[in-house]
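Treat the numbers as computed from the prediction; the structure is a model and nothing was measured.
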Amino acid sequence: MPAQQPAEPAEPAETPFLDLLATGAPAEDFERAVLRARADGASPERLAALERAKLLALRVRTELEGRRRREAELSALYETAHDLAGLRDLDAVLRAIVQRARSLLGTETAYMTLNDPVAGDTYMRVTDGSVSARFQQLRLGMGEGLGGLVAQTARPYVTDSYLDDPRFQHTRTIDTGVRDEGLVAILGVPLKLGSGVIGVLFAADRRVRVFDHAEIALLAAHAAHAAVAIDTANLLAETRKAMTELEAANEIIRDRSGVIERASDIHDRLAELVLRGGGVQDVAAAVAEVLDGTVEFTDVDRVPAEALERCSRADGHAVRDGDDWVAAVRSGSEVLGALVLRGHPRLDPVDQRTLERAAMVTSLLLLARRTAGEAEQRVRGELLDDLLDAPDRDPRLLRERAARVAADLDTPHVVLAACLEDPSGDGTAPADGTVRAEAPGATAPDAAGATGRQRLWSAASHLAATRQGLAAARDAGVVLLLPLSRDGDPGEAAGKAARQLGAAVHAPVTVGASAPVPAPAATPAAVATAYAQARRCREALRVLGRCGQGAAAEDFGFLGLLLADGRDVDGFVRRTLGEVVDYDERRGTDLLRTLDAYFASGMSPARTKDALHVHVNTVAQRLDRIGRLLGPGWQSPSRALELQLALQLHHLSSALAE
């Protein structure tokens, strides 16, 4: 017998399925391969191997289909990103986003809502495939409906049957719009920029549909691209707007370049003037030259009130006043005056701004002058404070500080203590014409008193500056240290200061003066002593009802002995009886003894002639001569008391001299 041929080996069980995978056959073709082998009488082992290979091939087929789908989705996303990047108009970008969302998920409709930060809700912006006008105009409050919940939480939400889904806050408006559109299955994903939500992108069908995770992820990825595209479109729109505005601004700049150069030149001239130390009138002259007119600085009380009021309403801009232009010179709410351009009924905007700028420069000059004055006043006040409070200061340093304010503390000075008698500062007086006097230590209402004291200090500082003296606020009043000539009268200086300060503050000012201080720098302690004496004189004036006047200790007669620190007895006797003593010495008469006897006899001429052993007519003649020497009123009670005290002191001094 011929030898038997060996059987051909059976093909691997996977072979038929590999061919099917390679050709992309449908799933039922994989089952036919197993059925065909069973019909051909394949062994159970062969059928089992084919079944295992079939299941493995189907898994591979499913994986391949998923990858192909993901590749298609990614390709679609790339195309979408490319298309969106090429769009520049915001409306076109929004329409493209919604159309591509509908295409990617194959839904019957797609739409987009954007957040309204002002209203605090979200509104329908773009739709594709929508047929209901009511639906296209929907607004959703935050948290309302599926879209409101997505906008509020920044998370995707999906439903296969919206109207039957209890997870959402249903409202009649939203449900009516959804019902009109016929929507059933809805998927919404947030449009996010950074951590914020700018809107919601939707895909929806008019039938029940379950959106799987891959579709949710696909729409979310599309929404991410869409948010960037929206932001880019917004930025481009803003850029285009800015460019348009910039072009318009450049056009204006080109048109006004000549005007700007002219204004710059004027500004440079004013700046140079200020740096050179020019004054207010220099500014007015420079502006007058530029504007080809007459410009003058006018004090506030000479400016028409109506024009200043219109300047205030015009926020400081120059206003027309007949044929003139008025620009207020102000510091904050305080009006310092005005620059007035005469005879220019028409003024172009550039010239108007020039006048306004000149007014501003003028205010700066006035403020600088005021600041310098206030600084000098503070220096003067601090120096006087040191003289009063620190008597051990080095005289050399005191002289150096005084020289900076043009004061000479090596010459005689007088210390004046002044206070305001009308704290309200309005200068009013009682109806009977008397002057209201405060008791020493009394205080006025805070607001009125503070204003009055400030005005008094300003007036005293000005007086000190004009007299090369010093002034400081102290003890609810002011103290001044003023130069005094060697034969000067402190009482006269006090009276003059009372009149000047009272006129400046429009209210009575009482001033007490000290005895002369020969050299304040050499003896600083004498200034404090003199201030105490001046205060006593001031308070004596107030107690005696002489408010609003000025006086020194020697002006109070015998009371001056109590007020003065030096107890100048000889000076008091000389001031009181000097004329009579001199007459007796020159003529060899006996008027002084006659006056002494007259007072000792109770001011009776009859008893006086008995004491002197002369005829009564002689007494009358002598008394008449004494009256002419002492002046009228010498027999009044107060003068008589001073004369008797002076007589006793004269006798005592004569006895001690012997």
Side-chain angles (χ1 to χ4, degrees), residues 84 87-102 107-159 162-163 165-204 206 216 219-242 244-245:
L84 292 177
L87 296 175
R88 295 294 181 265
D89 180 67
L90 178 60
D91 289 336
V93 169
L94 298 179
R95 286 194 300 271
I97 290 170
V98 173
Q99 291 169 358
R100 189 55 63 95
R102 182 183 178 191
T107 55
E108 295 175 281
T109 184
Y111 51 97
M112 177 192 295
T113 61
L114 294 179
N115 290 0
D116 186 342
V118 177
D121 61 5
T122 182
Y123 64 97
M124 194 72 69
R125 182 64 171 82
V126 180
T127 64
D128 187 55
S130 172
V131 296
S132 170
R134 187 197 303 267
F135 180 77
Q136 295 167 10
Q137 298 174 0
L138 277 180
R139 295 189 77 96
L140 294 75
M142 290 297 178
E144 295 178 355
L146 183 147
L149 195 58
V150 173
Q152 184 181 53
T153 63
R155 296 174 55 191
Y157 277 88
V158 63
T159 178
Y162 175 80
L163 294 175
D165 197 329
R167 293 178 299 160
F168 309 114
Q169 179 183 344
H170 291 268
T171 67
R172 177 178 299 178
T173 302
I174 299 174
D175 287 357
T176 300
V178 171
R179 191 176 291 109
D180 285 355
E181 190 62 45
L183 299 181
V184 177
I186 304 175
L187 166 62
V189 296
L191 293 165
K192 295 196 293 184
L193 277 177
S195 60
V197 177
I198 62 172
V200 181
L201 181 62
F202 299 88
R206 296 184 177 90
I216 297 174
L219 190 60
H222 178 54
H225 287 298
V228 174
I230 292 173
D231 187 45
T232 301
N234 282 328
L235 291 175
L236 288 173
E238 293 175 1
T239 302
R240 284 195 294 269
K241 180 180 178 183
T244 302
E245 293 175 351

Exercise. Is the shortest heavy-atom distance from the side chain of L146 to the side chain of R167 under 4.5 Å?
Worked result: no

For this session: Sorted by first residue and then second, give each salt bridge (charged side-chain N to carboxylate O under 4.0 Å, His left out) pair with at least one member in residues 126-137; sequence neighbours left out.
Result: R102-D128, R134-D180

Exercise. Could you give all pairs that pass the salt bridge (charged side-chain N to carboxylate O under 4.0 Å, His left out) test and reach residues 187-197, with sequence neighbours left out?
Worked result: none

Problem set entry | Close side-chain approach of I97 and I230, heavy atoms under 4.5 Å | yes

For this session: May I ask you to decide if A133's main-chain N or O and Q136's side chain share a donor-acceptor pair within less than 3.5 Å?
Result: no

Problem set entry | Minimum heavy-atom distance V98-A110, with the two atoms named | CG1-O, 3.2 Å

Problem set entry | Worked check of side chain to side chain contact (heavy atoms under 4.5 Å, CB included) between V178 and H170 | CA-CA 11 Å; V178 171; H170 291 268; over 6 Å; no

Seminar exercise, completed: The reported gap from CG in D116 to CD1 in I198 (rounded to nearest 0.5 angstrom) is 13.5 Å

Exercise. Is V197 close to N115 at the side-chain level, that is, under 4.5 Å between some pair of heavy atoms?
Worked result: yes

Exercise. Is there side-chain contact between I174 and Y162, with at least one heavy-atom pair below 4.5 Å?
Worked result: yes

Problem set entry | Validation row: L114, T122 side chains within 4.5 angstrom (heavy atoms) | no

Exercise. Any side-chain donor-acceptor pair under 3.5 Å between E181 and S130?
Worked result: yes

Seminar exercise, completed: Separation between CZ (R139) and CD (E144), nearest 0.5 Å, reads 11.5 Å

For this session: Measure the shortest side-chain to side-chain distance between T159 and F168 over non-hydrogen atoms and say whether it is less than 4.5 angstrom.
Result: yes

For this session: Would you name the heavy atoms of G148 and L140 that are closest together and state the gap between them?
Result: N-CD2, 3.6 Å

Problem set entry | Spacing of F135 atom CZ and T127 atom OG1 [to the nearest 0.5 Å] | 7.5 Å

Exercise. Hey, does the side chain of H222 reach the backbone of L201 with a donor-acceptor pair shorter than 3.5 angstrom?
Worked result: no

Problem set entry | Identified side chain to side chain contact (heavy atoms under 4.5 Å, CB included) partner of L163 from the options D175, L183, V184 | D175

For this session: Quick one: pull up CZ in R155 and CG in L149 and give me the separation to the nearest 0.5 Å.
Result: 8.5 Å

Seminar exercise, completed: On a heavy-atom basis, the closest approach of A223 and L191 is O-CD2, 3.4 Å

For this session: With the side chain counted from C-beta on, respond yes when M112 and F202 share a heavy-atom pair under 4.5 Å apart, and no when they do not.
Result: no

Exercise. Is any side-chain heavy atom of I186 closer than 4.5 Å to a side-chain heavy atom of Y157?
Worked result: no

Problem set entry | Q169 side, atom CD; M142 side, atom CE - distance, nearest 0.5 Å | 13.0 Å

